[in-house]
Amino acid sequence: MSTPVLRVEKLRKTFGSEIVLQDISFTVPEHTATVFIGASGSGKSTLLRCINLLDQIDDGVIKLDDHDISGADIDPDEVRKKLGMVFQSFNLFPHMTVLENITLAPTKVQKVKNEAAIHEAFELLDRFGLKEKADQYPDRLSGGQQQRVAIIRSIARHPRLLLLDEITSALDPVLVNEVLSTVRDLKGEGMTMVLATHEMGFAKQVANEVCYLHAGRILEWGAPTAILEDPKHPETREFIKRVHEAGRL
Amino acid sequence: MIENQGRRIGDNSDPAPYDFGGAWQPSEIELTRRVARRKRNQRNALIAAGSSAVVIGSLIVVLVTSPGWIALRDTFFKWAYGVEILPKILLGFTTNMTLTVIAGSSVAIIGLMIALIRTSRTPALTPFRFLAMIYVDVFRGIPMLLVILLIGFGVPALQLKGVTNNVLVLGTIAVIITYSAYVAEVIRSGILTIHPSQRAAARSLGLSHFQTLRFVVLPQAIKRVTPPLLNDLVALIKDTGLISILGVTDAVRAAQIQTAKTFNYTPYVMAACVFLAVTIPLTRATDRMLRRTLERQNAQGQA
Ligand SMILES: Nc1ncnc2c1ncn2[C@@H]1O[C@H](COP(=O)(O)OP(=O)(O)OP(=O)(O)O)[C@@H](O)[C@H]1O
Ligand SMILES: [Mg+2]
């Protein structure tokens, strides 16, 4: 087997005296998606922020393509060039058009020629049905459209790994679907991903592996059907049951 | 197949599946509402006009019939004299405008730099952050007139070699020093209002700290503080008049010279009018811009 794109070993993260993550170990092979589920406050966002080096970890190792990115001598800017991250709250730049949002990083960070970046941006927008929105400002788009632009913005840089943090939880159900189908398309194209989500149905569709995070630990992991339909751990079973009751499966 | 779901345009062959009632006519209720609304508007306009006429009219009557009116008019509002000395005041005012342009652009650059230093986190800049804070606190806290006097008269008293004694230059420097402190604070507050998630998004796209500032944070921050910055510009225009205390012949000083000759105060009033001719349009424009910004923010549901 080839080396995984991401390998996390014994990661630990604290905020002051509060232990937010501990003993987190998992790998994400190329072209697969690992989905983290778990109650609010279980540490999903923090985990993704740690992988993206937005938060500093307190112990453990994070390897990207077998290269330690958690070392003291690592330049976070260099690492982030290889990672894409999409947030729950979209975080598009409100003073830039959709097109400018997408081409900013390719032109300024990857130093792609302007015309080439615009060309590729249009290609992506076209593929996800947003071509007419290229010159609009983000506040003129629906939530779903904004989130899809945010996804396009992060994949326009050809990241090695895409981190998606509850990208649908700010959207109403109709819009959720258009964003999820975008993610499914990316999965089909072989994008390697780590996701945090509340959408169990979606987890079932795209995940190669599901990890249930509870109070900062991975309590249970495995194939999506195993975790979501037949959880072994009582805590997981309780969580899945509550999600069922909330009607989100 | 889709059947009979509404009618295609120009398709008159079949009877309409629904009766949409043809062309829209305002209903009885709507018509009475409109009449009532029009009446109310007319009444409001009438009341506004009436009250304005009464208030302004009585002010004029009180002024004109007061015992000192003739003396007042001849001392402050002698228009023929005012028009006669207007060129001198306008000539002085070019000094105020030049000073505004020079000081304004210097203040923009220096204020921005100080704001950037104060909001930076680089350890190497720690002493500068501290100095910048003291600088801002000090110069926001003393009357500008004092700064002008200290620099305009104090520096020449030192008799330093190679340092100018030109009061116009020294006065300009005093204005720049004071206003940079104000503007730095305005820009800094703008930078602080940009939500951290914007930085996180920029950094996670691989933008460096500097690129994040340059392309994401500053453009939004400056846009947000443009109305208060324009307010400061208006204040700067009129505060340039303060350097007349150093003997610089600006509009204020020109008026003072004329007044000293004739003991008539019309030149002061003329100088005031010249300043107002520039500051009022700017103030109105600022107001409009501020209202637009607020409307846009409210439309987005932001506080
Ligand atoms: N900057 C911070 N400072 C202190 N504590 C924090 C910080 N960020 C997160 N935490 C804490 O870490 C824990 C995990 O938070 P995190 O946002 O990772 O949870 P989550 O699983 O993403 O929750 P949600 O599903 O609500 O997004 C929470 O208890 C939170 O209070
Ligand atoms: Mg979260």
Side-chain angles (χ1 to χ4, degrees), chain A residues 45 48-55 75-96 100-112 137-141 143 146-147 149-165 170, chain B residues 112 115-116 119-125 186-230 289-303:
Chain A
S45 301
L48 295 186
R49 291 176 58 89
C50 285
I51 297 171
N52 204 11
L53 308 186
L54 285 170
D55 276 339
D75 177 3
D77 288 343
E78 286 304 313
V79 174
R80 290 195 200 110
K81 283 181 191 172
K82 300 188 199 121
L83 300 174
M85 175 126 176
V86 182
F87 301 84
Q88 178 174 347
S89 51
F90 327 145
N91 298 355
L92 292 176
F93 305 133
H95 62 299
M96 295 181 181
E100 288 163 350
N101 262 282
I102 298 171
T103 55
L104 177 70
T107 52
K108 304 298 181 216
V109 180
Q110 271 82 16
K111 309 283 180 205
V112 175
Y137 284 89
D139 61 355
R140 291 296 188 79
L141 305 184
Q146 288 191 43
Q147 192 57 297
V149 170
I151 294 172
I152 293 173
R153 180 173 72 172
S154 63
I155 60 170
R157 307 151 48 237
H158 305 287
R160 189 72 180 116
L161 176 70
L162 191 58
L163 309 169
L164 306 172
D165 186 6
Chain B
L112 177 63
L116 288 180
T119 51
S120 75
R121 307 227 181 86
T122 329
L125 287 178
V186 173
I187 297 180
R188 187 172 80 101
S189 70
I191 291 175
L192 293 180
T193 60
I194 303 302
H195 198 271
S197 62
Q198 286 285 307
R199 274 177 207 268
R203 296 313 291 275
S204 67
L205 285 173
L207 269 69
S208 68
H209 178 77
F210 177 76
Q211 286 174 323
T212 301
L213 206 58
R214 159 91 176 70
F215 297 112
V216 176
V217 177
L218 273 184
Q220 294 183 61
I222 299 291
K223 203 163 154 190
R224 231 172 256 191
V225 297
T226 302
L229 284 180
L230 283 176
M289 188 180 283
L290 183 63
R291 235 184 355 254
R292 265 214 312 272
T293 315
L294 283 179
E295 268 164 23
R296 204 169 323 128
Q297 276 171 7
N298 291 344
Q300 284 171 23
Q302 295 169 351

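Residue numbers begin at 1 in each chain, while the letters A, B, ... track the order of the sequences.
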Item to check | Derivation and outcome, side chain to side chain contact (heavy atoms under 4.5 Å, CB included), residues B:L205 and A:F93 | outcome: CA-CA 12 Å; B:L205 285 173; A:F93 305 133; 3.9 Å; yes
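- Partners of B:R188 by salt bridge (charged side-chain N to carboxylate O under 4.0 Å, His left out), not counting sequence neighbours, listed by chain and number: B:E185.
- Residues in residues 189-216 of chain B take part in these salt bridge (charged side-chain N to carboxylate O under 4.0 Å, His left out) pairs, two or more places apart or across chains: A:D77-B:R203.
- Looking at A:L163, there are no atoms closer than 4.5 Å to chain B (heavy atoms on both sides), in backbone or side chain.
- For a residue to count as touching a neighbouring chain, one of its non-hydrogen atoms must lie under 4.5 Å from one of that chain's; by this rule A:L54 touches chain B with the side chain only.
- Heavy atoms only, all atoms of each residue included: B:Q198 and A:P94 are closest at OE1-CD, 3.5 Å.
- A:F87 touches chain B through its side chain: at least one heavy atom from C-beta onward sits under 4.5 Å away, while N, CA, C and O do not.
- For the side-chain hydrogen bond (donor to acceptor under 3.5 Å, both in side chains) test, no residue two or more places apart in sequence or in another chain qualifies with B:T226.
- A donor-acceptor pair is defined here as one N or O able to donate and one able to accept, closer than 3.5 Å; such a pair exists between the side chain of A:H95 and the backbone of B:F215.
- Residues A:R49 and B:S204 have side chains not in contact (no heavy-atom distance under 4.5 Å, counting atoms from C-beta outward).
- Scanning residues 149-158 of chain A against chain B with a 4.5 Å heavy-atom cutoff picks out A:R153, A:S154, A:R157, ordered by number.
- Only the side chain of B:Q211 comes within contact range of chain A, with heavy atoms under 4.5 Å apart.
- For the atom pair CG (B:L207) and NZ (A:K81), the distance works out to 10.0 Å, reported to the nearest 0.5 Å.
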